[in-house]
Structure formats: C-alpha cells, structure tokens
Amino acid sequence: MRQDGRVSFWPAPHVDAPVHATVTLPGSKSITNRALVLAALADGPSTITGALRSRDTGLMIAALRALGTQIIGDADTLAVTPAPLQGGRVDCGLAGTVMRFVPPVATLAVGETAFDGDIAARVRPLRTILDALRGLGADIEGDALPFTVRGTGALRGGAITIDASGSSQFVSGLLLSAARFDEGVVVRHSGSALPSMPHIEMTVEMLRRADVAVEAPADVRGEQTWTVSPGPIRAVDWTVEPDLSNATPFLAAAAVTGGSVGIPHWPRLTTQAGDVIREILVRMGAEAGFSDGALTVTGPDRLAGIDIDLHDVGELTPTVAALAALADSESRLRGIAHLRGHETDRLAALSTEINRLGGQVSETEDGLEIVPAPLHGGRWHSYADHRMATAGAILGLAVPGIEIEDIGTTAKTLPDFVALWESMLDPQSAEPGAAH
C-alpha cells in the first residue's frame, strides 16, 4: 500500500535463463518469537543471536516490552532481561504467534492487558486458547480481537482439553508459559488431526533446552497430551537458525528455471517445517544436497506434479501450489483445510489467483487439485498475506507480465524480500557470499 492509500503493484521479475545463486537468509520467525517469550519468562537475562527482525518479531518485541520485559538491540542480537510483568496494550498486527503466545504471558502480569490487531486479524480464530486460559483460572473479556486479559500476577493452571485442529499455536501458546503457572499444565487435544506438528515439536524442544520438564505422549486413541511441570524457566542464550520456510521461494526459483540455488547454514537436523521442502522438490524432479554447510537445489528440465499431504507443513502450500501450477502433470495438495483460517483463506486465494492467470485449480474439502494449463500475465493479489506474495513471485519467474499487489506484505517475516529476490537474479549472485 502506498502512502497515498492507493494499492501498489510490483512487476515480478521474469527470467529466460536458469537462476544460479547463493542466498543467505535471516533467522527463523518461529524460533525467534518462541525464544523471546521464553526469555521474557526466564530466571535471568538471555541473549538471542541471529534473531529475525520483521514485522511479526517486531510486534512480539513490542508486546513483551509493553508487559515490562527489557529487550535491547536494533540488529539481529537481542539482550532480554525479565522483569515483573505488568498490564499494557498489545498490537498483534496479523501475527498469529503474538495473538496466541502473549495472552498466556499476560495472565501472569498484574493489571489489564488490552489486545487488538489489524482489521483482518479480528476474524482469526482465538476462542480456543482464550477459553482454555479461562479454564485454567484466567479472567478474560472477549472471544476474539479485541479482547482484554485481567492478570493478577499468577495463574492456577491445571488440566485442560482443547480442540487445537484449527492451529498448532493454541498448544504452543499454552506450553510456552505453563511452567510459570502454579500447577503447570496438562493440555489434551481432542478433535481432528493436529496441523503443523513440527511447530509443537519445536516448542517442546526449546522448553526442554530451558530445563522445563515436558512430557508429550500419545494415548492409545491417538489423542495427544502434553504435560508441563511447574518450575523456573532457565535463561538460555539462543542462536536462531535461518528461516527455512522463507527459503522455500528461493529454492523454488531453482526448480522452475532449471537452475541452482544454495542456502548457507541450512541445519542438518531441525524442527522447522520448512525443511520438508527438500523432499517435496526432489519428488517434483529436482536434486537437493548438502555441501560446505549449504543446501543446494538444482532444478529439472521439467517439473513433475505431486500428490502430497501437507497437513503438518501447511505453510509450504503457497510455494508448492505455485510449483504445481508450472508442472507438467496434475497435482493434489491434501490435508490443509486449516489454511482457510490463516492470514487469509489461503485455499480460496490460491485457486482464485492462479485461475485468474489461466490456471485450472479447484478446491477440495481439504486442499487443492491443480491441473497444468498455460498461464499468462496479470495482477496477482496478495490478500495482505506474505506467502501469497512470494507465491506470485515464483510464478513471475516463468510467466511474464505478473504484477503483485502489495509486495511489501512480505515484511511480515522477511523485510528484505524484494532486494534478496532481485539480487538472486543478478548473475554475480552465483558467487559464494553474494545475495546477502
């Protein structure tokens, strides 16, 4: 959006030659925001190195500062010093991690904390976690943004059963603060399959690194239960991995152009959902391998379609849908009905926008069916959704004349997206260390 209020459109770069580049990416949003919450609740000061600085992480920093936490640092190194929590005002923007991770923190503050966010955020599902907090002893007015948490400095905690099938963040939000609850917490999920399990696994792993006792078994019926014992959260100096989900459009660039793109510092072992892109690209015909600490993807002559369940890695859907629209055979993306409740209804948005360019995409009950069709240029609407914007950029590499509405929405998780994208297309970016 321009300053005069008019919608801006970015001409997506189109290439006729394979892309060859090395692209160094900033840190993971998911790890950064979890580390910030744990540091704010810890028993001493912490340092976060490699933190992502984006709109979502900026909103988290501002939220925790509003509650009394001292956070110092303007670059990717943050010094976090806990302090007694107090009520304040929290702007959630469109950040699911803020609107679902911070309310449990606010129950531990003294005083009222008022939550609000972007207009589009007011329709995002929040009642699951707000009702859960009420069941654990919290006083909360409202069931969606805007709402108010009236904290007393402590929360009873205890056992709660929720249906977290709408978002794994409901579980993570409760677990991150639970050690500070008087009785800890026992969270049982009862409902359809949980989406985005790698994100919950990330939460559990980070809690354990902070010496929080967490049990995460599944009972014989497949209902999952997490138990967090009450106790201190140890201060940890966190080092944040590169954001692997933000890396997926750049790796997709190699796949759709038959080129090669390397991402330095890709972890060999990680709980990030974005790591699954390696398997997806190989299944679609690309090659992926490690060398000198970098992951390099080399694209095929022609992309193959894919039939895949993306339930656990739904955030990769826009990238995979763009790849599928450029493949030479049909694709079916399954297990992603929960994406209808993300920043936008991503299933409707993807089908609408790809079809606007001549594609053949239809929604199913839990996903998308994509039939290859010749695509043409046109306007691609982002719906204030960062991953919709980057999906349009992928298509633009192969299809001339695509203009993306509000490319600036990528600042939600990757403020320098346009500069990185254009640098990737510079022939000199194939040199190691380029496209930083």
Side-chain angles (χ1 to χ4, degrees), residues 25-35 37 50 52 54 56-57 95-97 100-101 164-173 175-176 189 193-207 209 216 224 226 238 240-252 255 263 265-284 286 288 295 297 306 308-324 333-343 346-347 350 366-368 385-388 390-391 394 410 412-414:
L25 292 169
S28 160
K29 177 201 74 172
S30 298
I31 295 175
T32 298
N33 275 356
R34 283 164 173 78
V37 171
L52 174 68
S54 70
D56 275 17
T57 60
T97 50
R100 290 159 181 159
F101 292 1
S165 56
S167 173
S168 66
Q169 290 175 350
F170 297 138
V171 175
S172 287
L175 299 184
L176 284 167
H189 165 65
L194 263 171
S196 305
M197 276 297 296
H199 285 98
I200 298 177
E201 292 164 1
M202 175 187 292
T203 299
V204 170
E205 178 187 73
M206 292 181 70
L207 284 166
R209 283 192 57 197
Q224 289 160 301
W226 292 264
W238 301 97
V240 180
E241 299 172 356
D243 194 309
L244 306 189
S245 293
N246 277 342
T248 63
F250 298 91
L251 298 178
I263 307 291
H265 314 303
W266 194 285
R268 292 296 187 110
L269 295 173
T270 181
T271 54
Q272 289 193 64
D275 190 48
V276 177
I277 194 65
R278 294 188 291 134
E279 171 197 342
I280 293 171
L281 290 172
V282 168
R283 287 180 58 183
M284 298 186 79
L295 173 70
V297 167
I306 191 169
I308 189 169
D309 187 332
L310 294 173
H311 185 265
D312 285 346
V313 292
E315 66 199 64
L316 305 188
T317 299
T319 293
V320 179
L323 290 165
L333 313 185
R334 298 176 282 107
I336 45 177
H338 60 283
L339 296 190
R340 294 186 169 100
H342 275 221
E343 280 84 343
R346 282 183 175 162
L347 301 187
L350 286 165
D366 72 338
L368 298 172
D385 184 335
H386 56 134
R387 302 208 191 280
M388 282 296 299
T390 57
I394 295 167
T410 53
K412 185 176 191 295
T413 59
L414 188 55

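Every heavy atom of this structure was used, including side-chain atoms; hydrogens, water molecules and symmetry mates were not. Quantities reported herein were computed from a predicted structural model and do not represent experimental measurements.
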Min side-chain heavy-atom separation Val240-Leu52 under 4.5 Å: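 Side chain of Val240 against side chain of Leu52, heavy atoms only: no contact under 4.5 Å found.
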So, does His189 use its side chain to make a donor-acceptor pair with the main chain of Ala164 at under 3.5 Å?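 Side chain of His189 to backbone of Ala164: a pair is present.
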With [X] via side chain to side chain donor-acceptor pair (under 3.5 Å) - residues at least two apart:
X	result
Thr410	none
Thr271	none
Thr203	Arg34, Ser172
Asp275	Trp266, Arg278

Least distance between heavy atoms, [X] atom then [Y] atom:
X	Y	value
Leu333	Val320	CD2-CG1, 3.8 Å
Phe101	Gln169	CE1-O, 3.8 Å
Leu368	Ala321	CD1-CB, 4.5 Å
Ala286	Val297	CB-CG1, 4.1 Å
Pro242	Leu25	CB-O, 4.1 Å
Leu316	Ala273	CD1-O, 3.8 Å

Set of salt bridge (Lys or Arg N to Asp or Glu O under 4.0 Å) partners for [X], sequence neighbours left out:
X	result
Lys412	Asp56, Glu343
Arg283	Glu279
Asp385	Arg346

Residues that [X] engages under side-chain contact (heavy atoms from CB on, under 4.5 Å), provided they are two or more places apart:
X	answer
Ser168	Ser196, His199, Ile200
Arg334	Asp307, Asp309, Arg332, Asp366
Asp243	Ser28, Lys29, Ser245, Asn246, Gln272

Contacts of Phe170 meeting ring-ring contact (aromatic ring centres under 6.0 Å, His included) (sequence neighbours excluded), chain-then-number -> none
Residues forming a ring-ring contact (aromatic ring centres under 6.0 Å, His included) with His311, sequence neighbours excluded: His338
[atom1]-[atom2] distance between [X] and [Y], expressed to the nearest 0.5 angstrom:
X	Y	atom1	atom2	value
Met206	Ile31	CE	CD1	6.0 Å
Ile336	Leu347	CD1	CG	5.0 Å
Thr317	Leu310	OG1	CG	4.5 Å

Run the side chain to side chain contact (heavy atoms under 4.5 Å, CB included) check on Leu244 and Ile277 step by step: do they pass? CA-CA 9 Å; Leu244 306 189; Ile277 194 65; over 6 Å; no
